[in-house]
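This report concerns only the one structure given below.
The figures here come from the full heavy-atom set of this structure, side chains too, leaving out hydrogens, waters and symmetry mates. If you read the sequence from its start, that first residue is 1, and numbering goes on from there.
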Amino acid sequence: MAAKPAYRDRPEVEVAILDALVDRREEGMTVFELRTAVDADIDRIEAALGELKDDDLITVEQAETRLRVYPHDRVVPDATPEPDDPGVLQRIRSKLGL
């Protein structure tokens, strides 16, 4: 799952981090897990995390001895699926009675 479209105009590393966090929004991710999920060096990841935290798009919590990062709720897309579009072929078939 990807972050909401409103947050996709940010730098590439920030978007990659938000997408990874949205996929694991319930359990969050450690910085190490983010490093394996995002194709960037640790310095760029840390800078991006700082920007995301400053903009209040992520939450950082201490769990035991590790920090876990979570996406803010407003970044996560709604869980309600869009109504299925039957597609062009299906509409043509239904018009022709097939």
*Taking the side chain as every heavy atom from C-beta outward, state whether V60 and K53 have any pair of such atoms under 4.5 Å apart.*
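A side-chain contact exists here, since the closest heavy-atom pair is under 4.5 Å.
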*For the residue pair L67 and T30, establish whether any side-chain heavy-atom pair is separated by less than 4.5 Å.*
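Side chain of L67 against side chain of T30, heavy atoms only: no contact under 4.5 Å found.
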If you round to the nearest 0.5 Å, how far is [atom2] of [Y] from [atom1] of [X]?
| X | Y | atom1 | atom2 | result |
| --- | --- | --- | --- | --- |
| Y70 | M29 | OH | CE | 11.5 Å |
| R74 | D56 | CZ | CG | 5.0 Å |
| T59 | L52 | OG1 | CG | 11.0 Å |
| L49 | I17 | CG | CD1 | 4.5 Å |
| I42 | F32 | CD1 | CZ | 9.5 Å |

*With distance as the sole test, does R25 use its side chain to make a donor-acceptor pair with the main-chain N or O of V22 at under 3.5 Å?*
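Yes, because the side chain of R25 sits within donor-acceptor range (under 3.5 Å) of the backbone of V22.
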List the atom of [X], the atom of [Y], and the distance in Å for their closest heavy-atom pair.
| X | Y | result |
| --- | --- | --- |
| A20 | A37 | CB-CB, 4.1 Å |
| L34 | I45 | O-CD1, 4.3 Å |
| V15 | Y7 | CG2-O, 3.8 Å |
| I58 | L21 | CG2-CD1, 3.7 Å |
| R44 | D41 | N-OD1, 2.9 Å |
| A48 | E14 | CB-CG, 3.6 Å |

*asked:* Under the rule for salt bridge (charged side-chain N to carboxylate O under 4.0 Å, His left out), what residues qualify as partners of R8, not counting sequence neighbours?
replied: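 Counting only residues at least two positions away or on another chain, R8 forms a salt bridge (charged side-chain N to carboxylate O under 4.0 Å, His left out) with D19.
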*Does E27 have any salt bridge (charged side-chain N to carboxylate O under 4.0 Å, His left out) partners at least two apart in sequence or in another chain, and if so, which?*
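Checked E27 against salt bridge (charged side-chain N to carboxylate O under 4.0 Å, His left out); matches are R24.
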*In one Ile/Leu/Val/Met/Phe/Trp/Tyr side-chain cluster, 4.5 Å: V69, L57*: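 In one cluster with V69: L57, yes.
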*Steps toward side-chain contact (heavy atoms from CB on, under 4.5 Å) verdict (E33, R68)*: CA-CA 10 Å; E33 291 170 327; R68 297 202 69 81; 3.5 Å; yes
*Near R66 CZ, under 6.0 Å, is it more than 12 heavy atoms from other residues, nucleotides or ligands?*
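12 or below, so no.
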*Quick check: are there more than 12 heavy atoms from other residues, nucleotides or ligands sitting under 6.0 Å from CG of D39?*
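No, the 6.0 Å shell around CG holds no more than 12 heavy atoms from other groups.
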_Salt-bridge criterion met for E51 and R10 (N-O under 4.0 Å)_ =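 No salt bridge links E51 with R10.
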*Evaluate the side-chain contact (heavy atoms from CB on, under 4.5 Å) criterion for residues V76 and K4: first the C-alpha distance (whole Å), next the side-chain angles of each, then the deciding distance (0.1 Å), finally the verdict.*
CA-CA 6 Å; V76 179; K4 284 184 178 178; 6.0 Å; no
